[in-house]
Amino acid sequence: MIDTPISESAIIGAACGMSYLGLRPIAEMQFIDFIVCAFNQITNFVAKGHYLWNAPTPLVIRGPSGGGVHGGPFHSANPEMYFVHTPGLKVVYPSTPYDAKGLLKASIRDNNPVLFFEHKFLYRRLKEEIPAGITRCRSEGRGAARGQTPDDPFVRGHDAHVVGSRGGAGERRDRGGGN
């Protein structure tokens, strides 16, 4: 879908219908904060289509999320928790460009609906060469352990905060943090 009006419920409703017809739409939200306008379509039609009617709904909903970028109260939300407990939905949150490519390709190939969140704090901060051709991604449901040390094998926090702690945290402190 290209050049649609900014009506999140219409975008998701049309994409849901397209997925029921066998297409693999990728619906993009300008700001993921407004995904709640389409909450009914996502949780009651898209997520339950495969579960209730054995109708695959190969749909990807992607959009920028997260705070720390001076986006204000309506452009800085992390709404993923609204959806992670909804049966039938998969939630993806890549933390590197390589992960983003692999996870987006896997999300498009999946017969189930996938919500693909991209943290705005990472936009234009991470650059990485991505090999052409096949990109491997992790096993479904497994996260990446970035920056592991023998003393602390666990990485905590959102991916943007993990990346920030590896190099961008000083810049964030200089800006005063927050929105």
Side-chain angles (χ1 to χ4, degrees), residues 1-67 69 71 74-124 126 128 130-144 158-160:
M1 297 182 284
I2 299 174
D3 293 333
T4 60
I6 300 178
S7 173
E8 289 77 9
S9 58
I11 293 169
I12 299 305
C16 177
M18 293 167 67
S19 69
Y20 285 156
L21 293 173
L23 300 173
R24 294 185 176 275
I26 303 170
E28 183 172 357
M29 300 282 172
Q30 187 173 7
F31 293 99
I32 209 70
D33 304 54
F34 302 113
I35 198 169
V36 295
C37 298
F39 192 81
N40 183 45
Q41 288 91 335
I42 294 169
T43 59
N44 288 322
F45 295 97
V46 173
K48 295 178 183 171
H50 198 182
Y51 174 73
L52 291 175
W53 307 300
N54 200 25
T57 50
L59 166 64
V60 177
I61 302 169
R62 68 179 282 259
S65 66
V69 293
F74 297 109
H75 298 93
S76 300
N78 288 305
E80 63 273 4
M81 292 311 290
Y82 294 146
F83 302 102
V84 295
H85 299 290
T86 302
L89 286 180
K90 294 181 180 180
V91 176
V92 173
Y93 220 127
S95 61
T96 68
Y98 186 84
D99 287 346
K101 179 184 178 186
L103 291 169
L104 185 59
K105 288 173 73 172
S107 298
I108 294 168
R109 292 180 183 133
D110 200 319
N111 279 332
N112 294 296
V114 178
L115 300 179
F116 195 92
F117 293 94
E118 303 163 5
H119 203 290
K120 290 181 286 206
F121 184 75
L122 300 179
Y123 282 172
R124 292 176 288 285
L126 296 179
E128 169 178 25
I130 307 292
I134 298 173
T135 303
R136 296 181 182 205
C137 63
R138 271 184 238 77
S139 298
E140 182 179 315
R142 302 190 77 185
H158 279 53
D159 290 332

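The first residue of the sequence shown is numbered 1, and numbering continues consecutively from there. Note that these values count all heavy atoms, side chains included, but never hydrogens, waters or copies made by symmetry.
- Distance alone, capped at 3.5 Å, places no donor-acceptor pair between the Arg24 side chain and the Pro58 backbone.
- The structure places OG1 of Thr57 at 11.5 Å from CD1 of Ile42, a figure rounded to the nearest 0.5 Å.
- The minimum heavy-atom distance between Ser65 and Pro79, with the atom names listed, is CB-CD, 4.4 Å.
- For residues 38-63, the pairs satisfying salt bridge (charged side-chain N to carboxylate O under 4.0 Å, His left out) are Glu28-Arg62, Arg62-Glu118, with sequence neighbours left out.
- Nearest heavy-atom pair, Ile130 versus Pro97, reported as atom, atom and distance to 0.1 Å: CD1-C, 3.6 Å.
- Pairing each heavy atom of Pro56 with each of Tyr20, the nearest pair is O-CD2, 4.3 Å.
- Atom-to-atom distance recorded for Ile61:CD1 and Ile26:CD1 is 11.5 Å, nearest 0.5 angstrom.
- Looking at every heavy atom in both residues, Leu103 comes nearest to Phe116 through C-CE1, 3.7 Å.
- Counting only distance, with no hydrogens or angles, the side chain of Glu8 and the backbone of Met29 share no donor-acceptor pair below 3.5 Å.
- Contact detail for Phe45 and Cys16: the closest heavy-atom pair is CB-SG, 4.1 Å.
- How far CG of Leu59 is from CD1 of Ile108: 11.0 Å, rounded to the nearest 0.5 Å.
- Judged by distance alone, the side chains of Thr43 and Tyr82 never bring a donor and an acceptor atom under 3.5 Å apart.
- If you take CD1 on Ile11 and CD1 on Ile35, they are separated by 10.5 Å, rounding to the nearest 0.5 Å.
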- Message: Could you go through Val84 and Tyr93, starting from their C-alpha distance and side-chain angles, then the distance that decides it, and tell me whether this counts as side chain to side chain contact (heavy atoms under 4.5 Å, CB included)?
- Response: CA-CA 11 Å; Val84 295; Tyr93 220 127; over 6 Å; no
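- The heavy-atom pair separating Ser9 from Cys37 by the smallest distance is CB-O, 3.6 Å.
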